[in-house]
There are 2 protein chains.
Amino acid sequence: MEATLGRPPLRAGELEVRPSEFLVLVNGERLHLTVRELELLTALVERRNRIVTREELYREVWGEPYRKSDRSVDVYIGKLRQKLEDAVPGRRFIHTHFGFGYRFAADSDRR
Amino acid sequence: MEATLGRPPLRAGELEVRPSEFLVLVNGERLHLTVRELELLTALVERRNRIVTREELYREVWGEPYRKSDRSVDVYIGKLRQKLEDAVPGRRFIHTHFGFGYRFAADSDRR
DNA sequence: CCCGCTGTGAAAAAGCTGTAAAAGGGCGAG
DNA sequence: CTCGCCCTTTTACAGCTTTTTCACAGCGGG
């Protein structure tokens, strides 16, 4: 949880993440996230527009070495997608890059 | 995939390869490649303007000894050529050297 | 011509991802 | 202490994508 404490606010399209307040706003409305969800979203938004490996995400959020049989990252990506979809229907924030990892993008950019 | 992780960016004509970001740009646009395609292209561009044997490419990308009946390198050369042709029509980046191997060149030089 | 080398489509095999659901844990209320 | 609730982790499996293998046709050099 300390992974969110010193972090400055992040804006990304209709999202605003304030890690130090455990708060995510979507178009001004609070999005209710659990601790893991918030930490994972924070890690992704901090690395927006870049492909991030599961390894890196796992190290950052879980704080321990990644075992490739571990599906936690995927499961939480799914949870985040669901909540983001509920909040902003039709928008796609988290992209899968097969064999590489995930990439967060607030704008519809091609990279 | 770790074959791309510590690598510095490479520029070659209208191509820019950023292995550590799993990213290839062609005239600024992302070229979508699979893991193998990216690794093979990276290996070729790192050795640009030199003829590279299948053995060397196979060792570098697949990480194991080459069996001469293995056509994987050829198949992936074909995939890369196709994607590069789609991205930059009329341009030829990967040259065959009969009996020797392949050579990547960004400029239209003959050798 | 001959025969090994190369290009390539397509099938088979391997591997990766999305997701639901079960299992495991922590914590506060009573 | 026990229960109930919620969050996290693990498991299972279907559906897809990628990788590998195979087959055959066309080339190219001797």
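Chain A is the first sequence line, chain B the second, and so forth, proteins listed ahead of strands; every chain is numbered from 1.
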Without decimals, in angstroms, what is the distance between Glu85(B) CD and dT8(C) C1'?
15 Å

Tyr76(B) OH to dT21(D) C1', straight-line distance once rounded to whole Å
11 Å

May I have the distance from Ile51(B) (atom CD1) to dT6(C) (atom P), rounded to whole angstrom?
12 Å

Would you say Thr96(B) places a side-chain N or O within less than 4.0 Å of OP1 or OP2 belonging to dG7(C)?
yes

In plain terms, say whether Glu37(A) and Lys79(A) are close enough for a salt bridge, that is, a side-chain N and a carboxylate O under 4.0 Å apart.
no

So, Arg48(B) side chain and Val45(B) main chain: donor-acceptor pair closer than 3.5 Å or not?
yes

Rounded distance (Å) that lies between atom P of dT6(C) and atom CZ of Phe98(B):
6 Å

Output, in order, the C-alpha distance, side-chain angles, deciding distance and verdict of salt bridge (Lys or Arg N to Asp or Glu O under 4.0 Å) for Glu56(A) and Arg59(A).
CA-CA 5 Å; Glu56(A) 181 173 350; Arg59(A) 261 191 285 106; 5.7 Å; no

Tell me whether the side-chain N/O atoms of Tyr58(A) come closer than 4.0 Å to OP1 or OP2 in dT9(D).
no

Check whether any side-chain nitrogen or oxygen of Trp62(B) sits under 4.0 Å from OP1 or OP2 of dT20(D), and answer yes or no.
yes

Check whether any side-chain N or O of Arg71(A) sits under 4.0 Å from OP1 or OP2 of dT19(C), and answer yes or no.
no

Lys83(B) side chain vs His32(B) backbone, donor-acceptor pair below 3.5 Å
yes

What is the distance from CZ of Arg81(A) to P of dT19(C), rounded to the nearest Å?
7 Å

Taking only the side-chain nitrogens and oxygens of Thr34(A), find out if one of them lies under 4.0 Å from OP1 or OP2 of dT8(D).
yes

With a 4.0 Å limit, can you tell me whether Arg36(B) has a side-chain N or O closer than that to the phosphate oxygens OP1/OP2 of dG15(C)?
no

Heavy atoms under 4.0 Å, any strand shown: does Gly78(A) hit a base, just sugar-phosphate, or nothing?
nothing

When you get a sec, tell me which of dT10(D), dT8(D), dT8(C) is the closest nucleotide to the side chain of Ser72(A)?
dT10(D)

To the nearest angstrom, the NE2-P distance between His32(A) and dC7(D) comes to 6 Å

Nearest-Å distance for atom pair CD/P, residues Glu64(B) and dT20(D):
8 Å

Rounded to whole Å, please give me the gap between CD1 in Ile94(B) and C1' in dT6(C).
14 Å

Among Arg54(A), Arg47(A), Arg50(A), His95(A), side-chain hydrogen bond (donor to acceptor under 3.5 Å, both in side chains) partner for Tyr102(A)
Arg54(A)

Describe the nucleic acid contact of Lys79(B) in one word from base, sugar-phosphate, nothing, applying a heavy-atom distance below 4.0 Å.
base

